[in-house]
Amino acid sequence: MMRQREFRVIVTFSTTTDAMAMESYCLSHDVAGRLIPVPSAISAGCGMCWSAPSSQRENVDSAVKAARLRCEGVYEMLI
């Protein structure tokens with residue numbers, strides 16, 4: 001069975017350390033999402049990104065700022 005595609009917020013990082021820090025921060029602060037491989041339409045340094053429902057865009061942006069993470073880019077895309 002194919003998974004239904006949906007719009008997601010994608011946050012890319014240049015290092016795996018930053019991606020893992022995002023995961024740690026989000027899990028401890030109940031921010032929705034998970035680490036996934038970077039979609040092929042995007043290029044990113046470490047190959048991992050944070051993916052969250054697009055309805056969570058403000059929470060994800062706040063998490064990046066609060067955790068003082070360096071992200072390469074933030075995208076909204078259908079995956």
Side-chain angles (χ1 to χ4, degrees):
M1 179 172 201
M2 271 188 93
R3 183 176 59 90
Q4 178 111 11
R5 293 168 51 113
E6 64 180 324
F7 278 97
R8 309 279 296 179
V9 174
I10 304 295
V11 182
T12 59
F13 303 94
S14 58
T15 68
T16 305
T17 302
D18 288 331
M20 292 173 62
M22 177 70 168
E23 178 182 45
S24 178
Y25 181 89
C26 289
L27 290 175
S28 65
H29 291 85
D30 294 322
V31 177
R34 64 187 177 102
L35 281 180
I36 64 167
V38 174
S40 59
I42 303 173
S43 176
C46 78
M48 298 299 290
C49 65
W50 187 255
S51 172
S54 50
S55 63
Q56 297 296 309
R57 174 72 187 247
E58 286 185 30
N59 291 339
V60 170
D61 289 341
S62 295
V64 169
K65 289 176 187 166
R68 296 182 179 166
L69 297 172
R70 294 170 302 197
C71 64
E72 282 189 342
V74 180
Y75 309 86
E76 282 195 48
M77 60 188 307
L78 185 64
I79 61 169

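Here the structure is a predicted model, which means the values were calculated and not measured.
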Pairs under 3.5 angstrom only: tabulate donor-acceptor contacts from the side chains of residues 35-46 to other protein residues two or more places apart or in another chain.
none

- State whether Asp61 and Lys65 are salt-bridged, where the test is any N-O pair (Lys NZ or Arg NE/NH1/NH2 against Asp/Glu carboxylate O) under 4.0 Å.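 Looking at Lys65 together with Asp61, the answer is no, because their closest N to O distance does not fall below 4.0 Å.
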Output side-chain donor-acceptor pairs under 3.5 Å for residues 17-28, partner residues at least two apart or in another chain, one line each.
residue : atom : partner : partner atom : Å
Asp18   : OD2  : Thr15   : OG1          : 3.1
Ser28   : OG   : Ser24   : O            : 3.1
Ser28   : OG   : Tyr25   : O            : 3.1

- Task: May I ask you to test the Ile10-Val74 pair for a side-chain heavy-atom distance under 4.5 Å?
- Result: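 No, side chains not in contact.
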Which atom pairs, one a donor and one an acceptor, fall under 3.5 Å between side chains of residues 47-55 and the rest of the protein, sequence neighbours left out?
residue : atom : partner : partner atom : Å
Trp50   : NE1  : Ala32   : O            : 3.4
Ser51   : OG   : Arg8    : NE           : 2.9
Ser51   : OG   : Arg8    : NH2          : 3.3
Ser54   : OG   : Phe7    : O            : 3.4

- Query: Atom CD1 of Ile79 and atom CZ of Arg5: how far apart are they, to the nearest 0.5 Å?
  - Reply: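 Here the interatomic distance stands at 8.5 Å.
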- Item | Heavy-atom neighbours of Glu58 CD exceed 12 at 6.0 Å |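 No - once you tally the heavy atoms of other residues, nucleotides and ligands closer than 6.0 Å, there are 12 at most.
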